[in-house]
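Here is the structure we will look at, set down as structure tokens.
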Amino acid sequence: MRLPNWPWDDVPAALVESLSAQLMSRFAPGRPIYLLIDPFLGDEKSLDGRHARYPIDGASFDVPPDRSPYLIELEDRHDPLLDVSLTIAVREHLVACAVGSGAFRIGAWLQTSNGAGAVLARQLSHLFRARGAPNAKRYLRLADRRMLALLHQMPHMENQSPMPVIDWREALKGVTDWIYLDMNFKLQSLQGTPGELRILPLKLEQRHWTLPLQAEAINRALMAWQQLRYPLPADATVQVLRKVANAQRRGIVNPQDQAAYSVEALCHEAFESWRGLDDQLISLQRFGGRMQDMLSEQRAHWFAL
């Protein structure tokens, strides 16, 4: 697969063709396939309304119906909506890289062994209200594929960031494949144990909840970093987490400022050792202002180190 030089001006047709072939090969014929949509920041208008839709009840986690996730049932693995959704997913990511953030409405592609859409929607409504939340009604936005990626990938990086393993197989019982697009435009997959769909909240440990609480800063940093570099390293999220933690220790509270600090530190090693940094941060806290503006004005100092 030959792709244009990064950054891409538009969605590469070769990438969509490759991803489509991979999805086709993973899905078994004759089993239901669903597209998971997250309209939290507005719905995806380009998807046609001819397919069956199954709303995921957000009342239990205080999300209004027009912002609650829903499932679209595809006709089969050859449904043209598969390629349409892949194109939308890649374009969402490209927009976020360009501006630092954005809506990620294409959540995942799911296949079940034999479960009906309404039952799967009910299962997901419980899954999205995970156990152990700091707030009992906290909404765990797993329909946002970036959130799912944080919780799915981090336990596998034990050497860099030890974290308890999440029992996805039990929580996703009856879901043969939950496939999402990761930050490097690759498909990642979770599988549940065989059997009937099971209504069960996702069990998270206290340490897992640090990731959702920092998700905005982490994702903004990853997108801004990726604007400059593709592909990102395999441990990109761990590297970002470390820099976000450094920003927090220096008293930076705003997630956008934490992200700007993190990307500067990742791209310019001398930044965090610049002697004038603490004074600049104190000034920002006292008088206000944007971290990004300060970085633009002062960058020559650590470039000279």
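Model, not experiment: these values are computed from the prediction.
In terms of heavy atoms, L36 sits closest to P69 at CD1-CB, 4.3 Å. For the residue pair L3 and A14, the shortest heavy atom distance occurs at CD2-CB, 4.3 Å. Residue R250 comes nearest to Q285 through the heavy atom pair O-NE2, 3.2 Å, listed as atom of the first residue, atom of the second, then distance. The heavy-atom pair separating V175 from Q123 by the smallest distance is CG2-OE1, 4.1 Å. Smallest separation of non-hydrogen atoms from M183 and A236: CE-CB, 3.7 Å. The shortest non-hydrogen separation linking D79 to H51 is OD2-NE2, 2.7 Å.
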- [ ] Begin with the C-alpha distance, continue with both residues' side-chain angles, and end with the deciding distance and a verdict on side chain to side chain contact (heavy atoms under 4.5 Å, CB included) for N246 and R249.
- [x] CA-CA 5 Å; N246 289 352; R249 282 192 289 269; 2.2 Å; yes

- [ ] For the pair M294 and L284, evaluate side chain to side chain contact (heavy atoms under 4.5 Å, CB included) and give the outcome as yes or no after the intermediate values.
- [x] CA-CA 8 Å; M294 185 277 283; L284 277 180; 4.1 Å; yes

TODO: Any chance you could lay out the side chain to side chain contact (heavy atoms under 4.5 Å, CB included) test for R53 and L47, step after step, and finish with the verdict?
DONE: CA-CA 11 Å; R53 297 192 178 203; L47 296 174; 4.2 Å; yes

Open item on the list: Before you tell me yes or no, could you show the steps for Q298 and H301 under side chain to side chain donor-acceptor pair (under 3.5 Å), namely the whole-Å CA-CA distance, both residues' side-chain angles and the distance that decides it to 0.1 Å?
Closed with: CA-CA 6 Å; Q298 303 295 330; H301 290 94; 3.2 Å; yes

TODO: Test side chain to side chain contact (heavy atoms under 4.5 Å, CB included) on V244 and Q214 and set out the steps.
DONE: CA-CA 8 Å; V244 168; Q214 298 180 87; 3.6 Å; yes

Task: Pair Q258-S262, side chain to side chain donor-acceptor pair (under 3.5 Å): steps then yes or no - done: CA-CA 6 Å; Q258 292 174 355; S262 300; over 6 Å; no

Task: Test log, rule salt bridge (Lys or Arg N to Asp or Glu O under 4.0 Å), inputs D10 and R91 - done: CA-CA 7 Å; D10 200 358; R91 183 170 291 120; 3.4 Å; yes

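When side chains are defined from C-beta on, L150 does not count as touching P212, because their heavy atoms never get closer than 4.5 Å. S189 is listed as a side-chain neighbour of R26, based on a closest heavy-atom distance under 4.5 Å. Residues H208 and P164 form a side-chain contact, since some pair of their non-hydrogen atoms from C-beta on lies under 4.5 Å apart.
The cluster map of Ile, Leu, Val, Met, Phe, Trp and Tyr, joined by side-chain heavy atoms under 4.5 Å apart, puts W178 and Y54 in the same cluster. Under the 4.5 Å side-chain heavy-atom criterion for grouping Ile, Leu, Val, Met, Phe, Trp and Tyr, L232 is not connected to L15 through any hydrophobic cluster. Both I88 and Y70 belong to a single network of hydrophobic side chains, linked directly or stepwise wherever heavy atoms of I, L, V, M, F, W or Y lie under 4.5 Å apart. When hydrophobic clusters are built by joining Ile, Leu, Val, Met, Phe, Trp and Tyr residues whose side-chain heavy atoms come closer than 4.5 Å, directly or via intermediates, L202 is grouped together with L110. A single hydrophobic cluster is not seen to contain both I37 and V95; linkage of ILVMFWY side chains at heavy-atom distances under 4.5 Å, directly or through other members, places them apart.
The closest side-chain donor-acceptor pair between Y230 and N5, if any, does not fall under 3.5 angstrom. Checked by atom type, the side-chain pair Q111/D177 shows no donor-acceptor distance below 3.5 Å. No side-chain donor-acceptor contact under 3.5 Å links D257 and Q292. Side-chain contact of E272 with Y261: a donor-acceptor pair under 3.5 Å is present, judged by distance alone. Side chain to side chain, S125 and D57 fail the donor-acceptor criterion of an N or O pair below 3.5 Å.
Here the NE2-OG distance, from H268 to S273, works out to 12.5 Å after rounding to the nearest 0.5 Å. If you take CZ on R169 and CD on Q191, they are separated by 7.5 Å, rounding to the nearest 0.5 Å. W6 CH2 to R229 CZ: the interatomic distance, rounded to the nearest 0.5 Å, is 13.0 Å. Taking NE2 from H93 and CD1 from I106, the interatomic distance works out to 14.5 Å, rounded to the nearest 0.5 Å. Between the CD1 atom in I72 and the CD atom in E44 there is a gap of 9.0 Å [rounded to 0.5 Å]. Here the CG atom belonging to L127 is positioned 11.5 Å from the CZ atom belonging to R129, to the nearest 0.5 angstrom.
Residues meeting the side-chain hydrogen bond (donor to acceptor under 3.5 Å, both in side chains) test with D38, sequence neighbours left out: R141.
In this structure, W109 has its ring center no closer than 6.0 Å to that of F27. Taking the six-membered ring wherever Trp is involved, the centroid distance between the rings of F185 and W8 falls below 6.0 Å.
In this pair, F40 and Y139 present their aromatic rings tilted. The plane angle is within the 30 to 60° band.
Seen from the ring of Y180, R145 does not count as a face-on cation partner, given the 6.0 Å and 45° thresholds.
Salt-bridge annotation for E264 and R299: present, with a side-chain N of the basic residue lying under 4.0 Å from a carboxylate O of the acidic one.
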